[in-house]
Every structure is written in structure tokens, then in C-alpha cells.
Amino acid sequence: MNDNVLIKGGRVVDPASGLDSIMDVFIENGVISKVSGGIENPPDNCSVIDSAGLLVIPGLVDMHTHLREPGFEYKETIATGTRAAVRGGFTAVCCMANTNPVNDEPAITRFILSKAASDGACPVYPIGAITVGLDGKNLAEMASLADAGCVAFSDDGKPVMDSLLMRRALEYSRIFGKPVISHSEDARLVAGGVMNEGLNATRMGLRGIPWAAEEVMIARDIALCELSGGRLHVAHISTKGSVRLIREAKARGLAVTAETCPHYFTITDEACIGYNTAAKVNPPLRARADKLAIREGLADGTIDAIATDHAPHHREEKAMGFDDAPFGISGLETALALSLRMVEKGVISLNRMIDLMSAAPCRIMGIPERRIAEGSVANITIVDPAVEWEVDPASFVSLGKNTPFEGLRLKGRAAFTIVNGRVCENFKGD
Amino acid sequence: MDNAAPLGKDLLGIKELKRDDILQILETASAFKEVLERDIKKVPTLRGKTMVNLFFEPSTRTRMSFELAGKRLSMDVINVSIQLSSVVKGETLLDTIRTMEAYGADIVVIRHSSSGVPHLLAGNVNASVINAGDGFNEHPTQALLDLFTIRRMKGRLEGLEVAIVGDIAHSRVARSNIYAMGKLGMNIRLVGPPTLIPAGIETLPGVKVFHRMEDGLAGADVVMQLRVQKERQDSWFFPTISEYAKLYILNSKRLALAKDDAIVMHPGPINRGIEISSDVADGTRSMILDQVANGLAVRMAVLYLLSGARA
Ligand SMILES: [Zn+2]
């Protein structure tokens, strides 16, 4: 590893710094020391990344990742999950608390952080549990968790069904100003459903999850956000009505943010046909009108962030019947290409994509923003926008091979990911 | 003490008092404080008058303080403790107090877990009613003794910075103090988790809200810690007692953020190691025992002034 790196001749795009032109970026000791057109005569001990034809953008950040460690190392580990993240162009991930043991006490947070420091390919920002053991009964020691390094709070994987408890969590979080992330799902309305409620579920003879299961919880949490004065972040929104609810809440000036995931703006519940458990995810893949509404929300700013909800599972778990297979998609290694596809289709601009995948997640989670500017720590994603590739789960670095995009031809991927100044060439020899 | 202007029939809350009423009570209490420093602490002022302590909620401290205050003034004192469970609400409550009245009670001191019960009684009996704590509403004599204690130590009230820390939402002591301090031009910092700060309180005169001790204590003249009610934990106002203690205990390190001559108060009984550390509770700046002693003088003043109103 060289201390000094010159990224030469790439199209540098950083909306936050007002950059979009062919430039060179010089990194000294992990910090960007120069951004300008045509840096000639680089110093001797400097490695050069020839970036002609490549995009040089602020490092991506995934605000919703399941790293599965501790407890489910057969699905994923901090080492494999962060390597998958880096390969997907991410320079940091925020990991959800539904491990075993649950990240509901500072000792677990410290374990994750120390494991990430020793084994991780990129920084890991833990998300603490809202309730002890994610059982929805008692508040976790959120202030102590925040002290230990948790950047947000969520019972993700489970909703906080008790409205009073959710109110308290939002109120209590104001002491330390960190967001509460809602996995918005009314467990009673889900009622054992396994895919989107609609004709496809009916034709397959599967129990459906109605859009209302998501929307009643979002509506509730928006009201609780307003009541409590806390910061609400809504995870993985998937329906047209959810977009409308978030849009209205923002128009009223509430402290509400929202994310969606690539699968919700790319495919629909048709992907489940044939009992394809790779397409079993929670919230479920929805109808075409929902998919289009999500795209609209991405474009008009209603949706703040694209997150992966990377949920790796073991092959054998997904090999069960549709009812029994676990929910989840391994998303870190396809998110960038699927988002670039929205840029290619004209749904969003490249600038908007960068905000959705880098600046906004950092803002929401209160972690250092990735900037291509002199003086910033070098967290940069260098994208080859032209390379075409086919999704082959066997080639995933993630232990989770569960993707509904297997066989899909995509364009664009992260040729290099620079994490805190350290350069990772992702597809060497491909 | 001869020309005491009447307060009115009852003392239901600080809300109902004017600034001058409060100052008059404090002045009168100063006079009784001198009486209490004499060898013979008893005066014949209210001989022949009868006080009934009607407690629907257990409280040894407040009841004892009123009882002793009455006895120092030569009153006849009857203590009645009623377990709430044995009382059928409404009619029985009024029946109870009418019985007290039939015994010739001139002053009824009442504590009840429901806010507003003293007001209900006051409207239905001729005796003077003193609120000794109703629900989350008020505990006026506690606020008066707190002010009395502060003024004795600081020589003034107006402009002082007072931090009140803890469960504001369920504290009648905090509310009475907030109303009193607001009327006297004091600056009140309420410190506690947002879960324990009641709605709208920040709009009251003199009040500012803080969620971190470090912010609320900086430069304070007075730090008043409230008692944590451990039994409220199932409503999730905070995750655990230990996290609460971590965030809101008053220890010597935090006290150092307040002014050098800041005093420490607590309405008692204290939870050592939870809202206050032992070294602070027992330290030289702690007014906890002074508060108890001053409570006697303040309650004598209230009994005296209310009796004056009836004369
Ligand atoms: Zn979720």
C-alpha cells in the first residue's frame, strides 16, 4: 500500500463540493490534498489510478446492513460483510442490531466495533436496539449505547408494536439526538403473510402482506415523531402510500427521513412467481404502481436515501418452502449497479444518486460526510460506468448468495473503493 | 405578627397565590423561625383551634411536620390516615371531611393521590383547607419551605438560577416551585429526560428545559434534585435505574459545574446513589436537613395566617 495516491483523469462528481469535471485527485497519507485539473509530475512514491472514463465520486455509505455477527456467522461475518460492502463501492456500513446476542448493551456494541477494527474492510457504525432483546417490552439503555458508539436505534426485523414504547423511544432519543429507525410493519396486519397481498399471492396460494401493514405503522410513527420531537427515520419503504405519507410529513416540516432499497424500485412481486425464495423479502416486493411511486419519491426528494437492507442468509435456509424460508436479499454487491440503472433510465440524476447513497446516509446517521475536497479523509468510490456484467451470486464476496437478480445483466460497478485512504481494487484480473 | 393580613380561606396551591402572599408567608416564617430557636419552642397563638391531618396517601414527613407545627402553636391535632382502598370515592370523601368538621376542625390538612381533591373539599366545608400534596398538581408548603431555605442562604430570590432535576412530569413539588419561582423572578432550568418533562411547561414564566445535566447545571445557584420513582419504570420513562443514575445523578463532579457557592436541595426522602451521591447529600452544601427544619417554621406561618383569615 502506498501512502500517496493520484487518481488521474477521472470525471470527479461531488454535488456537495460543486464538482463535475475531469480532474485529478491527489491523496497524501489518506487525506485528499489536492483536487485540480492536471496534476503533473506526481511524487516518486505515489501510485497512480488511471481513471480515464471512470467516475470519481464520494464514497458510498450503506445505512442499513445486516452483518449477522455475533451469532449468525454462518450467514455473514463482519469480515465478509464489510468486504462485500467495499466491493459494492461502500466505504462504511451501519449494522442492524438483530444479532445474537442482540446489540442492546454497550458490551455488544464494543464487540462489533473492535471486530470491525480488526477484521473489517471498512468502518462499521452499529445501530443499537430500541428494546431489550428486540422483544418490544423494555427500553434498551439507549444513552449508554450511544456513548459506546451506536449511531441510531432500531429493532429492525421487528416492529415496535407498542405505541407508548415507541413514543418513549423517540422522546428519550432526544437526549443524545440520534434517530430512531422504524421497521414499519404492523405485526397483526402481517398475520403470517409471506409476500405482497394481491393477485400474485392469490394465484400462488400464499398468504399476503397488505400495503396497509406498512402504512399504518408509518402513519403512527409520523404522529409519534411530531408528538415527541424526536428524529424518525423510516427504513425500507416499499409502497405508494408510504411515499405519500413521507411526502406529507416532510411538507409539514417534521423531522422525518426515509430510505428505500434497490429491489423496491427495480422489481415487483412477480419475482416471487415460481416460489422463488430469493425474492422473499420484508417488506415484500410490491406491485408495479408501488415501484413507480418509489422511483418518483427518489426523484423528487421524498426518499432521502438508498440503503441495501443487505440481509444475507445461508443457501439451505432459502432452500426451504416459501412459507418457511427467511426474508431477505443479499444486496451490497448489486446496489450500485441497480441505482446507476435509475440514472441511465433518467429516473434520477447522477448527482441525486450520490446524495441518496453517500451524503444523505451520512447526514441522517451523523457520521462524517464523504467529500471530494482538499482536507477530507479519502473515502472515494471510483465507478466504471460502462462495464457490463451479469449477476452471479457464486461470485459474491458476501456469504449470502440470496439475490433475486441472478442472471440479470447490469452496467457499472465500483472498480476501486478507497476507504480512509486505503485503495481496494475490486475486480482485479476480471 | 399582629397585623398579619389574611391569606384567604385556603392554601390550595401556589398558582392561586400572588407574589406578595408568598413574601408575606416567608416573612411570617422568619418570625416563627426565631421562636423555634428559643428554649421554649411553643407559643399559645392558636390555643383552642383544631387541626385535622387527613392523609389518603402515606407520608410520614409531611404529616409530622404539620403535626408539630400545629402543636408548637398550641393547636389540638388529630391525625387521620385513610387507606384509599377502603374509601368509596365521591360521597364518602365529603362525608369524611364533614365528620371532621363536626368535631370542630378549624383547619384540614389534606394529602390525596388525585389532583384537585383539596379543591373539591375546600368548596364544601367551612374549615380552612391546606393542600399537603395532591396528585401531580401541587405541594405548596414544600415550595414555600424551599424558597424560605434559598432566601436564608442567598439573601435574595430574584434573578437566582435554579436547576430542578429529574421527574418533573410526576412532581407536584416541581410544579409548586416552578409557579413560585416564576412569580418571584427566578430563572428555572428544568433538567430531565424528555420523557419526564410535561407538555407545555417550557412556556411558563422563567422556565427553560435541558436534557443534559451538564447543560442545566452550568452556573446554577441552586440545584434541586427530585426523587426518582422506581415504580414508574414500566411506563418506560427511562430504560433502567442505572442509566438514569448515570445521566442525572448529582455527584461532586457535576456539582462543580454550578456556582462555587451553589446549594443542593432535595424534598426527600433521598435515593442515595440514584439521584444524589452520598458525598453531596451529606456535604456542606446540602440543605436537605435545613429544608426539614425550615418546613416547620413555614407551616406554622401558614397555619397562623390562615387562622388569621378566619378570625
Ligand atoms: Zn427492516
Side-chain angles (χ1 to χ4, degrees), chain A residues 97 102-109 128-150 152-155 159-180 221 223-232 255, chain B residues 136 163-171 174 189-203 207-218 225-226 228-251 253-254 257 273-275:
Chain A
V102 168
N103 184 20
D104 62 4
E105 53 174 305
I108 307 301
T109 308
I130 296 171
T131 69
V132 176
L134 307 181
D135 69 356
K137 295 210 169 65
N138 290 294
L139 277 186
E141 292 188 325
M142 293 166 69
S144 307
L145 287 165
D147 269 358
C150 287
F153 294 90
S154 184
D155 274 6
V160 177
M161 279 299 289
D162 191 304
S163 304
L164 176 60
L165 186 50
M166 188 64 172
R167 172 192 180 167
R168 296 290 182 236
L170 280 160
E171 287 176 333
Y172 195 70
S173 69
R174 287 173 50 205
I175 301 173
F176 32 88
K178 307 217 180 283
V180 174
D221 288 345
L224 294 178
C225 169
E226 182 171 13
L227 175 67
S228 65
R231 285 175 58 203
L232 173 69
Chain B
F136 307 147
I164 305 178
V165 183
D167 182 355
I168 311 294
H170 305 100
S171 175
R189 300 112 166 256
L190 301 181
V191 186
T195 46
L196 292 172
I197 304 289
I201 198 111
E202 71 285 353
T203 62
V207 172
K208 274 197 189 130
V209 172
F210 299 85
H211 302 308
R212 288 184 176 270
M213 280 289 260
E214 289 69 19
D215 301 334
L217 259 55
Q225 294 292 111
L226 300 175
V228 180
Q229 302 286 328
K230 289 179 230 175
E231 60 273 21
R232 294 202 207 283
Q233 262 196 96
D234 58 352
S235 295
W236 308 304
F237 296 109
F238 46 85
T240 58
I241 284 284
S242 73
E243 181 157 294
Y244 180 91
K246 203 155 116 184
L247 291 172
Y248 298 108
I249 193 171
L250 181 64
N251 52 29
K253 189 170 154 231
R254 285 184 172 147
L257 299 168
I274 295 177
E275 71 257 354

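Below, all heavy atoms of this structure are taken into account, side chains as well, without hydrogens, waters or symmetry copies. We name chains A, B, ... by the order of the sequence lines, and we start the count at 1 in each one.
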- [ ] Determine whether more than 12 heavy atoms belonging to other residues, nucleotides or ligands lie under 6.0 Å from atom NZ of Lys246(B).
- [x] yes
Open item on the list: Strictly distance-based, threshold 3.5 Å: is any side-chain N or O of Arg168(A) a donor or acceptor partner for the main-chain N or O of Phe238(B)?
Closed with: no
Task: Glu141(A) (side chain) donor-acceptor with Thr240(B) (main chain) under 3.5 angstrom - done: no
TODO: Go through the steps for Trp236(B) and Arg167(A) under the test side chain to side chain contact (heavy atoms under 4.5 Å, CB included), then give the verdict.
DONE: CA-CA 9 Å; Trp236(B) 308 304; Arg167(A) 172 192 180 167; over 6 Å; no
Open item on the list: With a 4.5 Å cut-off on side-chain heavy atoms, are Tyr248(B) and Ile175(A) touching?
Closed with: yes
TODO: Please say which of Thr131(A), Leu145(A), Val132(A), Leu139(A) ends up in a side-chain contact (heavy atoms from CB on, under 4.5 Å) with Pro239(B).
DONE: Leu139(A)
Open item on the list: Need one label for Ala140(A): side chain, backbone, both or neither, based on atoms under 4.5 Å from any heavy atom in chain B.
Closed with: backbone
- [ ] With rounding to the nearest 0.5 Å, note down the distance linking CD in Glu171(A) to NE2 in His211(B).
- [x] 9.5 Å
Task: From Tyr172(A) atom OH to Leu247(B) atom CG, the distance as rounded to the nearest 0.5 Å - done: 4.5 Å
